[in-house]
Amino acid sequence: MTEVATEKSYQNRPKALGITVRKLQFNPKLIRRHYFANSPVMSHLLTALSSTFPIGEQFFVHSVRNVRDKVKDEKLQAQIAAFIGQEAMHSKAHAQFNEAWRSDDYNLDRFQAWLARRNDYVKNLHPKIQLAITCAFEHFTALLGGYILRHPQVLATLDDDAVKLWVWHAIEEIEHRAVAFDVYQAVYGDDKVRRMIMRSVTTGFASLTLYSATRLFLQDKRKSLPKVGGNIFGLYLLGKMFVQLMPEYLSYFKTDFHPSEIDYSKMVNYWKKQLAEDYQMKSFQHELKPGLIN
Ligand SMILES: [Fe+2]
Ligand SMILES: [Fe+2]
């Protein structure tokens with residue numbers, strides 16, 4: 001009952017151009033542990049990221065809500081509502097995904113408990129700093145989302161339910177990539193702090209992800225180590241990602257940077273069609289042919 005009510009309340013909100021709140025239907029139990037290109041390295045890395053999402057994305061929402069009443073622009077208010085709706089759905093889906101992994105030999109709980117303690121600390125910082133942290137992370141999630149979507153051949157090797165989760169999330173991260181940034185500019189517009197926080201977030205995010213992915217890899221080493229080919233391929237993808245994303249990452253430090261200057265429309269449209277047709281995802285079918293499918 002609560003779920004239906006929540007979903008309907010999103011539908012009643014004013015439309016935010018280009019940002020659609022979609023409900024994900026997937027079965028995380030059908031996803032193998034080494035789901036990403038049969039590569040333990042890449043799979044543990046993405047699972048490590050996933051373990052940060054339930055807490056992380058709730059924090060993003062919190063940091064925008066902190067200053068929401070200072071935003072006068074109605075269009076931006078509608079986008080904030082859609083952003084909150086999307087992140088709430090992501091948080092829920094990744095909590096389901098993480099829950100499906102909980103087992104004696106693969107433990108995400110300790111890391112998540114540590115994150116929860118950090119979250120309490122960060123929520124006591126000045127609202128401007130909190131929002132600048134969100135802007136930095138939203139730049140990363142859009143970049144990573146774009147990178148995932150640029151690799152249809154790799155995605156074709158994933159379990160269907162893994163594609164549904166990661167591609168759906170990637171598309172929506174791209175759709176709402178400018179919301180926190182626009183709120184920050186409207187309320188504070190302090191580029192110096194925005195860039196300074198990006199430097200700290202980059203170091204923190206990279207070390208956190210590396211630490212947590214390594215922990216998962218070591219917990220699973222008996223199954224992960226023998227997959228030499230998959231691991232080499234994973235390291236190749238990571239190296240390529242680093243080189244390809246560097247210019248986009250650095251663009252954040254320009255004074256006139258805006259997240260929408262990176263154009264993802266071609267790959268987003270390609271994947272919306274794929275999810276509707278090949279993966280039969282109702283929310284995308286409805287979007288492409290409104291009125292035909294309930
Ligand atoms: Fe998200
Ligand atoms: Fe996001």
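The residues of the chain are indexed from 1 along the displayed sequence. Note that ligands are numbered from 1 as they come in the structure, with each ligand's atoms numbered from 1 the same way.
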For Trp271, side chain to side chain donor-acceptor pair (under 3.5 Å) partners two or more places apart: none
message: Keeping to distances under 2.8 Å, can you name the protein N/O/S atoms close to the Fe ion (ligand 1)?
response: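 Within the sphere that stays under 2.8 Å of the Fe ion (ligand 1), the protein atoms of type N, O or S are Glu57 OE2, Glu87 OE1, His90 ND1, His169 NE2, Glu173 OE2.
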Test ring-ring contact (aromatic ring centres under 6.0 Å, His included) applied to Tyr147 - qualifying residues, sequence neighbours left out: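 ring-ring contact (aromatic ring centres under 6.0 Å, His included) check on Tyr147 returns His151.
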Which donor-acceptor pairs under 3.5 Å do the side chains of residues 192-199 make with protein atoms, sequence neighbours left out?
| unit_1 | atom_1 | unit_2 | atom_2 | d |
| --- | --- | --- | --- | --- |
| Arg194 | NE | Asp191 | OD1 | 3.0 |
| Arg194 | NH1 | Tyr252 | O | 2.8 |
| Arg194 | NH2 | Asp191 | OD1 | 3.3 |
| Arg194 | NH2 | Tyr252 | O | 3.4 |
| Arg194 | NH2 | Lys254 | O | 3.2 |
| Arg195 | NH1 | Phe253 | O | 3.4 |

- prompt: When rounded to the nearest 0.5 angstrom, what is the spacing between OH in Tyr35 and CE in Met42?
  reply: 9.0 Å
- prompt: Is the gap between the ring centers of Phe26 and Phe97 under 6.0 Å?
  reply: no
- prompt: Does a salt bridge link Glu248 with Arg150, judged by any charged N lying under 4.0 Å from a carboxylate O?
  reply: yes
message: Restricting to N, O or S atoms, which atom of Glu138 is closest to the Fe ion (ligand 2)?
response: OE2
